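Okay, so here's the structure we're looking at.
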Number of protein chains: 2
Amino acid sequence: MNTQHQTMEQRIAHFREVCRLAEVKLTHQRLEIFREVARAGDHPDAETIYRRVREHLPVVSLDTVYRTLWLLKDLGLVTALGSHHERARFDANLDHHHHFVCIDCGMTVDFYSDSFDRLEIPESVQSVGAVEVLQVEMRGRCHACAMKSERRKQENRR
Amino acid sequence: MNTQHQTMEQRIAHFREVCRLAEVKLTHQRLEIFREVARAGDHPDAETIYRRVREHLPVVSLDTVYRTLWLLKDLGLVTALGSHHERARFDANLDHHHHFVCIDCGMTVDFYSDSFDRLEIPESVQSVGAVEVLQVEMRGRCHACAMKSERRKQENRR
DNA sequence: GTTTATGCAAAACCTTTGCATTTTG
DNA sequence: CAAAATGCAAAGGTTTTGCATAAAC
């Protein structure tokens, strides 16, 4: 779905529909939190969203903002960068490489690719800053986690 | 510098040399922590490195592991993924896009690129897992931060 | 009316810091 | 021996959780 050229009204309507289908209650807080994330173009953190929401809706707490943001992520309405429960990890591999990251277990594997290494920086990026490192991040499910989730589905069917 | 085909002895020698040039003391703890990160291929977190180091060197504390890892990063000997003091951030932009991230202030800007979108997944990755999202991450210094650090250098010259 | 979400406060978690002691160059 | 690094314990910041109350369906 293309979010770029949707009006705020269309996004809110979509949000309502997703909540209805997921049988999730549409509270005043959730609506305002979604509206604030949808309006933002600057990848705000939970604290920032909390502050912005409070300008319109004084009765909201930080923990509700957190709970709602992870809910929105589960519903596929937002994505999370540098997501929760992620601690700093270290790598002594200084060669130019790229990453596969498992969205379930967090396992990260290094990969080498000449075609990835040869990618050119778009001009539009150069107007924002000077790129020092270009790295491709591939996210998906590793085979081990894919098997685990398959097994879980089969158990639930019984 | 290519780390891939260096022996552990070469890496340790390089570590010693970098410490000497930077006038940083080479302690037993630092040597063992570096050795453990250099040996690891699995992007371990600080706690994991701490556990592994303790098997060889019982007298080491978690805070020394942290201090040493950030030192190694400053010395350019390791890189950090999902680095410190980084909180979760949220994005309602569901269109396929890519990121520029400022290494100083953390500002993240979305970019669109057809050539990035058309990248093919290398076969070697497919043997590890099923890629769902491919995203290019460009890291560097935004113009605002570049100007700030220029100004700081000039002030120090006076 | 029943189920679910909220706010509050307290906890959990990862990471950093101050200070006395030890180690390095 | 002077300067810097360590361990300890305590604090810091972010995110999560349990529970009584309130709101949505």
Side-chain angles (χ1 to χ4, degrees), chain A residues 12 15-37 43-54 56-75 77-78 80-90 106, chain B residues 12 15-37 43-54 56-75 77-78 80-90 106:
Chain A
I12 299 285
F15 173 57
R16 286 181 184 280
E17 182 66 5
V18 169
C19 285
R20 204 181 54 76
L21 292 171
E23 296 179 62
V24 154
K25 290 184 179 173
L26 200 150
T27 64
H28 197 177
Q29 286 90 334
R30 286 178 175 170
L31 191 61
E32 287 305 316
I33 291 166
F34 175 75
R35 195 195 299 281
E36 216 50 68
V37 185
H43 312 84
D45 60 18
E47 182 84 35
T48 303
I49 294 163
Y50 172 60
R51 275 200 311 274
R52 292 181 188 169
V53 169
R54 266 164 81 102
H56 301 97
L57 180 70
V59 275
V60 69
S61 65
L62 182 57
D63 50 328
T64 295
V65 171
Y66 273 108
R67 279 188 277 229
T68 302
L69 289 169
W70 298 126
L71 173 73
L72 293 175
K73 192 198 167 196
D74 287 345
L75 295 173
L77 294 164
V78 306
L81 322 178
S83 67
H84 65 154
H85 274 178
E86 206 176 286
R87 13 198 191 318
R89 282 166 302 119
F90 300 87
Chain B
I12 299 285
F15 172 56
R16 286 181 184 279
E17 182 66 5
V18 169
C19 285
R20 203 180 55 76
L21 291 172
E23 296 179 62
V24 154
K25 291 183 178 172
L26 200 150
T27 63
H28 197 178
Q29 286 89 334
R30 285 179 175 167
L31 190 62
E32 286 306 314
I33 291 164
F34 175 75
R35 195 195 300 279
E36 216 50 68
V37 186
H43 311 84
D45 61 17
E47 182 82 33
T48 303
I49 295 163
Y50 172 61
R51 275 200 311 275
R52 293 180 187 170
V53 169
R54 266 164 82 102
H56 302 96
L57 180 70
V59 274
V60 70
S61 64
L62 182 57
D63 50 326
T64 295
V65 172
Y66 274 107
R67 279 188 279 229
T68 303
L69 290 169
W70 298 126
L71 173 72
L72 293 176
K73 193 198 166 196
D74 287 346
L75 295 174
L77 293 164
V78 305
L81 322 178
S83 66
H84 64 153
H85 274 180
E86 206 176 288
R87 9 196 195 321
R89 282 167 302 118
F90 300 86

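Chain letters run A, B, ... following the sequence lines, proteins first and then strands; every chain starts at 1. Quantities reported herein were computed from a predicted structural model and do not represent experimental measurements.
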Nearest-0.5 Å distance, NZ of residue B:Lys73 to CG of residue B:Leu69: 11.5 Å
B:Leu26 has a side chain; which of C:dG25, D:dT6, C:dT15 sits nearest to it? C:dG25
Nearest heavy-atom neighbours spanning A:Arg35 and A:Ile12: NH1-CD1, 4.0 Å
What protein N or O atoms touch nucleotides 18-23 of chain C N or O atoms at under 3.5 angstrom, if any, and at what distances?
none

Separation of C:dT6 C1' from A:Leu71 CG (nearest whole Å): 13 Å
Please state whether the phosphate of C:dT15, meaning OP1 or OP2, lies under 4.0 angstrom from any side-chain nitrogen or oxygen of B:Trp70. no
Taken to the nearest whole Å, CG/B:Asp45 to P/C:dT16 is 13 Å
What nucleic acid atoms does B:Gln29 come within less than 4.0 Å of, heavy atoms only: base, sugar-phosphate, or nothing? sugar-phosphate
Given atom CZ of B:Phe90 and atom P of D:dT14, what is their separation to the nearest angstrom? 13 Å
Which listed nucleotide (D:dG7, C:dT6, D:dA5) is nearest to the side chain of B:Arg30? D:dA5
Applying salt bridge (charged side-chain N to carboxylate O under 4.0 Å, His left out), name anything that partners B:Arg16, two or more places apart in sequence or on another chain. none
CG/B:Leu77 to CZ/B:Arg30 distance, rounded to the nearest 0.5 angstrom? 11.5 Å
In whole angstroms, the gap separating C1' of C:dT17 from CG of B:Leu62 amounts to 13 Å
Nearest-angstrom distance from the residue atom CG of A:Leu31 to P of D:dC25: 11 Å
Judged by each residue's nearest nucleotide on DNA chain C, which is more toward the 5′ side, B:Tyr66 or A:Val24? A:Val24
Over 60° means perpendicular and under 30° means parallel, so tell me whether B:Phe34 and B:Phe15 are parallel, tilted or perpendicular. parallel
Mind calculating the distance between CZ (B:Arg89) and C1' (D:dG13) to the nearest angstrom? 16 Å
Among C:dG7, C:dT15, D:dG7, which is the nearest nucleotide to the side chain of A:Ala88? C:dT15
Distance in angstrom units between B:Glu86 CD and C:dC13 C1', rounded: 17 Å
With sequence neighbours left out, write down each residue that passes side-chain contact (heavy atoms from CB on, under 4.5 Å) with B:Leu62, or none if nothing qualifies. B:Glu47, B:Tyr50, B:Tyr66
Do B:Arg87 side-chain atoms and A:Ala46 backbone N/O form a donor-acceptor pair below 3.5 Å? no
Could you state the atom-to-atom distance from CZ of A:Arg54 to P of C:dG7 in whole Å? 10 Å
